[in-house]
Colleague: 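The structure's right below; bear with me while I get my questions together.
Atom set for the values below is all heavy atoms of this structure, side chains included, hydrogens, waters and symmetry mates excluded.
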Amino acid sequence: MIVYSVCNNSKQGEAIKEFYKKKEAYEDIRKFIINEIQENEQKDITIDYTNTTDNVWYYYFSSADRMSFSESCPILDKNVIDSLDVLKEIKGTRFDFCGSVRYKKNKIIYFVYDKEYAFDRRYNIYWCENIDTLKLYIQGEKKYTLKKLGENWYYVGFEK
């Protein structure tokens, strides 16, 4: 079941408000991801902070099977680091990781929050030039809420 439209829970409303407050940070990270993919002729990239002992943001390129990663690369761009830190500080949820995937020849940039449902509901913020591609990409989820945030940005809230 797919639900479009209004905010149906307080977490969704808060997540959407936070997106608008922090849109510049999302844009900075999106531009960084797209630039790295183009410069390195890679398919997918993942940015992660969770498994580091040195408090550094790293990114990894993954192959087509998405299970094998190249070695990690530290992010050195202070503006991107600051933008990632801004997303990490959103209250009432947890920013887990972000990255890109190519699906049906379109780039999808994703930002994953609360993947383990520690704060009740998992949600993602997506950037995709084609909403139909995004819908196909997430169609395997049993129930979700999709809300357009403007331009090519979308909120997708997932039910447990």
Colleague: Which pair of heavy atoms, one from Asp96 and one from Tyr113, lies closest together, and at what distance?
Modeller: OD2-C, 3.8 Å

Colleague: Please find the pair of heavy atoms, one from Arg102 and one from Asp44, that lie closest to each other, and give the distance.
Modeller: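 So the two residues come closest at N-OD1, 3.2 Å.
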
Colleague: Carefully, step by step, assess Val156 and Phe158 under the rule side-chain contact (heavy atoms from CB on, under 4.5 Å).
Modeller: CA-CA 6 Å; Val156 178; Phe158 300 97; 3.4 Å; yes

Colleague: Can you tell me how far the CG atom of Asn79 sits from the CZ atom of Phe32, to the nearest 0.5 Å?
Modeller: 11.0 Å

Colleague: For Ile45, does its backbone N or O pair with a side-chain atom of Ser100 as donor and acceptor, under 3.5 Å?
Modeller: yes

Colleague: Could you grab the distance from atom SG of Cys98 to atom CD1 of Ile29, nearest 0.5 Å is fine?
Modeller: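 Nearest 0.5 Å value for the SG-CD1 distance: 5.5 Å.
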
Colleague: Output the distance between atom CD1 (Ile90) and atom CZ (Phe95), rounded to the nearest 0.5 Å.
Modeller: 8.0 Å

Colleague: Between CG of Leu76 and CD1 of Ile81, what distance do you get to the nearest 0.5 Å?
Modeller: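 With rounding to 0.5 Å, CG (Leu76) is 6.5 Å from CD1 (Ile81).
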
Colleague: Can you see which heavy atom on Ile125 is nearest to which on Tyr155, and at what distance?
Modeller: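 Between these two residues, the closest heavy atoms are CD1-CD1, 4.0 Å.
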
Colleague: For atom NZ of Lys104, is the number of surrounding heavy atoms from other residues, nucleotides or ligands below 6.0 Å larger than 12?
Modeller: no

Colleague: In Å, rounded to the nearest 0.5 Å, how long is the span from NZ of Lys105 to CG of Asn130?
Modeller: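 Going from NZ on Lys105 over to CG on Asn130, the span is 13.5 Å.
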
Colleague: If the test is side chain to side chain donor-acceptor pair (under 3.5 Å), which one of Asp48, Asp77, Asp85 qualifies with Trp57?
Modeller: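 Only match with Trp57 under side chain to side chain donor-acceptor pair (under 3.5 Å): Asp85.
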
Colleague: Check whether Leu84 and Val86 end up in the same hydrophobic cluster, where Ile, Leu, Val, Met, Phe, Trp and Tyr are linked by side-chain heavy atoms less than 4.5 Å apart.
Modeller: no

Colleague: Determine yes or no for a side-chain-to-main-chain donor-acceptor pair under 3.5 angstrom, with Tyr20 supplying the side chain and Leu149 the backbone.
Modeller: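 Checking the backbone N and O of Leu149 against the side chain of Tyr20, a donor-acceptor pair under 3.5 Å is found.
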
